[in-house]
Structures are given as structure tokens and as C-alpha cells.
Amino acid sequence: MFQPLHASATRAVEKLRDIGEPLSDDLAGRLAKLADDSQTDTVRSAAVEELLRPYVLVDVSLDEQGLPMSTPGAAAPRLVQHGWRSFLVRIENPHRLIGDLAAQSNHVLNTVDYHSHAARIAMADTLTIVPRIKSSWLEVKLAGPTDVSGLDVEYKVISLYSRDGGSHNGELGFVLAVEEAEHSYTRPPMAKAWRRMGSEIRQYQASYEFDCLPAHDIRFDIREPDGSSCVAALTVRDSQRRAYPSKGMRLAPDMFFHEHVYRATGEVITLPAGQYEISARRGPEYREVRVEIDLSAEDDAVTVELDRWADPARHGYYSGDPHIHAGGCSHYSVPSEGVNPETMIRHVRGEGLWMGSVLTWGPCYYHQKQFFSGSSISPRAELEYPAMQQAQGMNWEPQDTDHDGQSLLRYDLEVSGFPSSHSGHVILLGLTDQDYPGTKLIEDWPSWNLPVMRWGHAQNAMVGYAHCGLGLSVGTNELPNYVIPGFQSIGSNEIIVDVPLGAADFQCGAEFDPAAELNIWYHLLNVGYRTLMLGETDYPCIYDDGPGVGRTYVQLPEPPQGEQALESWLGGLKDRASYFGDGRSHLYDFAVDGDTSREQTTDAAGPVRVSATVAAWLPEDPPALPAAGQPAYSAPVGWHLERARIGRTRNVLVEVLVNGIPVASQELLADGNEQAVGFDVPLERSSWVAMRIQRSVHTQPIFIEIAGRPIRASRRSAQWLHDSVDALWKAKSGFIREAERVEAREAYDAAQAAYLTRRDEAEVD
């Protein structure tokens, strides 16, 4: 039938043109004229096939079971190293089967969804078998729709990426998932053999002698505004928005789940000649820089000048991410179980962080704990598996930069995947020993958190809760609110027991809805506890963009350096000014009556002056409004300054809080400039005071005690905390071992008694 064949051919040619594949100037026009030709369908169909024949790399014939047999087409098998070439696939389907087609090759190591956690074990960077990595030089994928629609003949587009240059023997074939019933598929009998890639199925593949045009190394001269060298995140895309190096062929430190790669000044990315857009950033304190280049075969370098709009360290504030991982989640897991410090430090440097807490946890505990030392480290960003990387063609030399010493790692622990995880995931920062007394396996650890928290405190560690908002949403954005959550997930659950018993220091957030994350914190502050709040990323689990999606800034008299860098940073967190958020806005020198001290006293109630220096940056133009009939614009998830934009302006709202309630506010132009703000705020009783830009930044509170009275700002907060302990016990007690349950119940009772005492001491509802 001519019409379906012509439509399929036209779609395929348009796809090749959109991809940028060279086609003869008159091909599309000659193809279009056939639609109006007066000759028979048979003649016109033959003309279509003759037009497309020079571009067909693979001819595929499907038998009655759906088993594809491939033979070489007329197109010359010419590829380009570290680049994509696209061709046509002709599919002959005499039995008019319907299904989904996938490309295969003996030289493709990974043909699974790169973002599937279940597929991590198939990733190239998990394999220590160097010869297999070396032989896996080809990546293939169908570009566009992969459905076989039941036509006698149809065309698809296939794209091939070559890791290597030169001449290479290779095979291409296909496997078809045949549709048997509504939305159900079955693979033909040979599907299992495809996975084995054994010699017995070579007869079903097409063999080629590929000629791969070599690419060459492009050296990146990355510079800070002052001319110094550094590490940055570089995203290299071609006109089809494909990222380079290919995400399917990356090996640490280049991660398959990133669009970008991290490179230091003087390091390289191998690219073929062509047009590219290169974007560069170094965390949210930098505006993204975009460079459009047309690389010729003679080009060997690209200059990138970073655009920093905020420098918190100039004000004495040093950034950290207290929750990142080197194994588990998006990381591959077998057998290397994640990446080494040499890779993690590159990622931390590339996001402009001073401190990165790398937390060993359940999925990688036994492997990653070898990197724990009880000290902060700043290793050289070497390529961690030289033999594997050489087999992968990664021969570039890591380079040192002027800013390397400003970023440090500290390996510590997250109690996640342990028996007590149901009570909330615990973070322990600054440990001297990672092994809980009397245990050899994770399964031996306590089944509730209080013993773990006290063990951490015995080592002078700071202990708290990760991703605090998980499971605590209650269907309202009100802060504070008095709805009792179900405590059904792994957020700040047992913190309401641990804090009144002196066993928890902080919770971490800046990832989800503020009402879910901040509500417990506000209630604890309202009854006088000094719990801290930190910004975290949980990289690469909640966010795998990179470390520092959520971050914490701590004011220190000097930069955190040396083996005790984390201890210095944590000490400032306890006693000095700090704030947390997404890094797109900053609240420097938050003060009451000019005093930045966290604890303040005064003899009598009255007005106080609340001040800070604020800086925030948004692009001048907000995201475009959706066209009629299109889905409404969705702002970035989690904490992001874009969500604080007021209407279509460039303004955001700076708020002063007293006991969790906004009492003063001012619109601020988010143009990146520093602006002094000040508010006169009345205080009627002992209170905590903070400043925030909702969804972007929040200070730690300043606690002000008036006439010696402790902070007891809300009876309702105390009662809410008391009642929440009951809900927590109902949700979690069944997961606590029977042998530990009596002690746990006693602790829950003690926490409730503390809340009732503070409720009775409160001055107001």
C-alpha cells in the first residue's frame, strides 16, 4: 500500500533532517512529489524505496514469530568518534506484526534505561572486566517512535555513537516485543539468547566494517572572575540537545545520571567537529554561562569565564551539604558499590561547596565504610579506576586548581537501611567510630533511634534527622499548623522524642514543601528547644543533579580547613549565625539590635530592630506562560527561588518571623545586588526571631529571653508535640523489637511529660 509506506518514509526523512543528518538537497521534494504522481501504487512504492535505499544501514525482516533477521543496507557504515550518526532502518513485516522494536549489538554494554535504579548492575562503570569494557565501543538507539505498526514495509531511524576512532568490526540486530493483547507484550523465543549475546545468534545480526572518523580533545580553560582556576560543571550539547560525552558510555567521575560533567581548568572533553552549546556553572552562587561554538578539526581549546553573583565567603559564611552519598540510589552498586573520594571531591568542588558530608548507609555500608577516617580530607581528583578508564578511552590527565583546597570531604554515617530506619533516617556528623558497640552487621543495630543518638553524642558528634518532611505533609501550607501527621514515612519522626531528652541536635530539609519540613521545627522552637535546621541534598537519592541542591551556610572567623574542618564548621553551626536554603538567595549578618549572637537577653518587653544584608538573583524574565490548552507552568520542585517570585515581577518577599508567625515583610528586587533591610518589631515576651524568603532561604533563629523568662511561646505547640508522640507510637512501636519496647515506651512517656511541663509554663495559647 503506497500511502502508509509514503507516510512512514516521510516521517523518517523528516526525523533525519531534524537530527541534522546530511541528506541530498532534493530528497524531501522528490519524496513529496510522489504523493501526487499519477502512476500505480506499485510503481510509486518502488520509487519511494529507491529514493531511501542509499540511507538504509540495516534491512530487517520479521518472521512469523517476530524474530528479526538483519542484513546490511546500502548506506556506507561511516561513524564519528564521540559523536552520533543516524541512518534509516527498513523493516519488512509480511505477517503484519505489531510490537516494540529495540536495537542490539554485541558491542553495546548497556541498552537499558539509564535512569532505572533496577538497571544499575548493568552500567558500564560497574564492571571490572577491562576487556569487556574495551570491546563495548558502540552505542545504538532508535531515534523517535520504536513501535512496529503492522505495515508491510516501514522505516525507522537508528542513531549510532562510537566511543573510538578508526576501523572496527561490529554487528547490529534487533529484538521485537510482540503485542499479543491489549497493552501486553511478549518477546520472541530468541530474546534470552540476545541477552547472552552468544555466537549462536550472530546469523541474525548484520555485520559491518565501521569506519569511525576520529575526534580530538578539547581543553577547557575555566576561569573564576578573578582569573583563578577551578572545577566547574560543564554541559555540552549538540543541536539535538544530546549531552557529551554520551551518558550511556560514562565512567566515574562522569556520571550517567548527569547532563553535565565536572572538569577542572586544563582538563578535556573529546568532541568531534560540529556545533555545540556549552553551559557552565559552579553551584547556585553563579549565573549559568552559555557559549555557542562551531568546532573545526583544528580547534583544541575553549575558554569559559564563570559569572559569580554572590560570594558568601567574603562575608565569612562557608557552605556545606551535610547529606551526600558515594554509593546507593542513582550510583551503581556492584561490585564497586559507588565511587571513591577522588570522584566525590570533584563533584563537591564543581558545585562550589566548602564542606561535603559523605554518608555511608545501608546499600553501600560494608564497602564505603573503608573511607571513614574521623578526619576531613581534600584528596586529589584522580581518575579512580585507571585500567577501566583507559579501556574506556579516558586518557586525560586530572589537573589541580587554585580552589582545590577550599573543598573538603568528611565521611560519616546515615542510619538508613538499619533496623531503626522506620523511626526516621538519622545523620551522625563528626563521629570517631562508625561501628555501634556489640554489632557486626547492620541487622544487629538498635530498632529505634534514641540509643543510636546517644551513642553519637558520646563521641561529641552532632546528630539529627534527614529529609525531615517525608511523611509529614498534612494537606495545608499553614505554618505552624496543628494537624497531627501519620508519621508513615522516614522523615523527622522520632525527633519529637529525642529532642526533649537532649538527644537530637538538628533536622535537615530544603528539599520539599516547607509546611511539611518546618512544622515540627517551629513547634519545638515555640516551647524553647534550640533545635537546628540544615539544608541538604541527599545526593543522588532525592536529587541527583549534584551536591548542594540544598545547602547550609555557617559564619566562621576563618575558613574550615585541615583535619578538623568539619568540627570547626559544626561548632559554628551550634553557636554562630547560619542560614540554609537553595543558595539562590542569602541572608548575611542577621541581627537583633545589631547583635548576631544566637542567645540574647533583655530586661523588658519592647521593640527590637531586626536587620540583615540580603542578596537574591532571579533571571529578569520569568518562565514563559503556557500557550492556550497547554499544561500550566510548573515551578522547580523543592526549594527554589523561582517559587518565591511575586507574579511576573523580579521581586521576592523577605519576612521576619516571631515564634513562627510573619510580623513584618518587604519586597526585594532579586537582581543579585546586596541590599540592607531592617524592621522594627515589637516583642511582648521571650521569643525566637528569624528571617526567611519562603522556598529559598531561612536563618537559624535568634533566641531572646526577656526578664529571665524562658521561651514558652505556645501552649498549642506543646500540646501538639505531646499528642504527636502518641501518633508516633501508634505508627512505629510495632517495628521496635520486643526486647527494646519497654525502654522505648519509657522514653516516649518522658518526652510527653516534658512537653506537658512546658505547656503549663507557657504564657499564651
Side-chain angles (χ1 to χ4, degrees), residues 312-323 353-355 357 376 408 410 412 427-432 453 456-465 495 498-510 521-522 524-536 551-581 586-602 608 610-613 657 686-692 697-706 708 710-711:
R314 188 169 60 85
H315 292 267
Y317 288 83
Y318 300 94
S319 58
D321 188 338
H323 188 177
L353 287 163
W354 288 76
M355 289 298 313
S357 291
S376 297
L408 297 100
R410 175 59 143 81
D412 269 308
I427 291 175
L428 302 106
L429 302 177
L431 290 172
T432 57
M453 312 293 274
H457 271 175
Q459 302 180 59
N460 294 319
M462 282 188 70
V463 299
Y465 282 80
I495 194 171
D498 300 335
V499 165
L501 301 183
D505 303 308
F506 63 84
Q507 64 177 21
C508 293
W521 187 45
Y522 282 12
L524 289 170
L525 297 176
N526 277 350
V527 295
Y529 293 112
R530 268 49 171 178
T531 314
L532 295 162
M533 182 78 181
L534 282 64
E536 65 166 18
R551 49 182 66 198
T552 305
Y553 295 84
V554 179
Q555 198 277 329
L556 295 172
E558 56 187 25
Q561 296 287 283
E563 293 184 355
Q564 297 299 300
L566 179 72
E567 285 75 7
S568 298
W569 193 79
L570 295 177
L573 189 60
K574 292 177 184 177
D575 302 326
R576 304 177 69 90
S578 69
Y579 60 92
F580 62 93
H586 301 269
L587 295 170
Y588 307 127
D589 302 326
F590 170 61
V592 173
D593 290 335
D595 187 352
T596 62
S597 301
R598 297 285 307 286
E599 299 284 344
Q600 299 184 26
T601 60
T602 185
V608 296
V610 179
S611 61
T613 298
L657 309 176
S686 297
S687 301
W688 62 273
V689 181
M691 193 175 288
R692 74 184 182 195
V697 67
H698 201 303
T699 68
Q700 302 296 342
I702 290 176
F703 301 97
I704 304 171
E705 294 190 352
I706 298 174
I711 296 173

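- Side-chain atoms of S376 come within 3.5 Å of backbone atoms of L566 as a donor-acceptor pair (strictly under, hydrogens ignored).
- No side-chain heavy atom of L587 sits less than 4.5 Å from a side-chain heavy atom of Y553.
- With sequence neighbours left out, D505 forms a side-chain contact (heavy atoms from CB on, under 4.5 Å) with H457, M462, V463.
- With hydrogens and angles disregarded, no donor-acceptor distance shorter than 3.5 Å links the side chain of Q700 to the backbone of S578.
- The CD1 atom of I702 sits 4.5 Å away from the CZ atom of F590 when rounded to the nearest 0.5 Å.
- Rounding to the nearest 0.5 Å gives a distance of 6.0 Å between CD1 of I495 and CG of L524.
- Here the OG1-CG distance, from T552 to L353, works out to 10.0 Å after rounding to the nearest 0.5 Å.
- In terms of heavy atoms, C508 sits closest to P322 at SG-CG, 4.1 Å.
- In this structure, CG on L525 lies 9.0 Å from CZ on R530, to the nearest 0.5 angstrom.
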From CA spacing to verdict: side-chain contact (heavy atoms from CB on, under 4.5 Å), L570, M355 | CA-CA 10 Å; L570 295 177; M355 289 298 313; over 6 Å; no
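- The CG atom of L657 lies 9.0 Å from the CE atom of M691; values are rounded to the nearest 0.5 Å.
- Nearest approach of L431 to G456, heavy atoms of both residues: CD2-CA, 4.2 Å.
- With sequence neighbours left out, the salt bridge (Lys or Arg N to Asp or Glu O under 4.0 Å) criterion links R410 to D412, E567.
- A search for ring pair (Phe, Tyr, Trp, His ring centres under 6.0 Å) contacts involving Y317 returns Y579, Y588, not counting sequence neighbours.
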Residue pair I711, Y529: steps toward the side-chain contact (heavy atoms from CB on, under 4.5 Å) verdict = CA-CA 8 Å; I711 296 173; Y529 293 112; over 6 Å; no
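- Contact between A591 and G594 at its shortest, heavy atoms only, is CB-C, 3.7 Å.
- For Q600, there are no side chain to side chain donor-acceptor pair (under 3.5 Å) partners two or more places apart in sequence or in a different chain.
- Residues passing the side chain to side chain donor-acceptor pair (under 3.5 Å) test with T596: none are found, sequence neighbours excluded.
- Side chain of D595 to backbone of S597: a donor-acceptor contact under 3.5 angstrom is found.
- Qualifying ring pair (Phe, Tyr, Trp, His ring centres under 6.0 Å) partners for W569, counting only residues two or more places apart in sequence or in other chains: none.
- Not a single donor-acceptor pair under 3.5 Å links the side chain of T531 to the backbone N or O of W521.
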Donor-acceptor contacts, no H, no angles, side chain residues 554-563, under 3.5 Å, sequence neighbours left out:
from, atom 1, to, atom 2, distance (Å)
Q555, OE1, R576, NE, 2.7
Q555, OE1, R576, NH2, 2.7
Q561, NE2, G405, O, 3.2

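- A search for salt bridge (Lys or Arg N to Asp or Glu O under 4.0 Å) contacts involving D498 returns nothing, not counting sequence neighbours.
- Take T613 and apply the side chain to side chain donor-acceptor pair (under 3.5 Å) test, not counting sequence neighbours, and it matches no residue.
- Under the side chain to side chain donor-acceptor pair (under 3.5 Å) criterion, D589 pairs with no residue, sequence neighbours left out.
- Two residues are said to be in side-chain contact when any heavy atoms from C-beta on lie closer than 4.5 Å; S687 and I704 fail this criterion.
- Residues V608 and V689 are not in side-chain contact: their nearest non-hydrogen atoms beyond the backbone lie 4.5 Å or more apart.
- Partners of F506 according to the ring pair (Phe, Tyr, Trp, His ring centres under 6.0 Å) rule, which considers only residues two or more places apart in sequence or in another chain, do not exist here.
- A donor-acceptor distance shorter than 3.5 angstrom exists from the side chain of R598 to the backbone of P701, with no hydrogens or angles considered.
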Derivation of the side-chain contact (heavy atoms from CB on, under 4.5 Å) call for M453 and L501 | CA-CA 10 Å; M453 312 293 274; L501 301 183; over 6 Å; no
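- Shown here are the side-chain contact (heavy atoms from CB on, under 4.5 Å) partners of S568, two or more places apart in sequence or in another chain: there are none.
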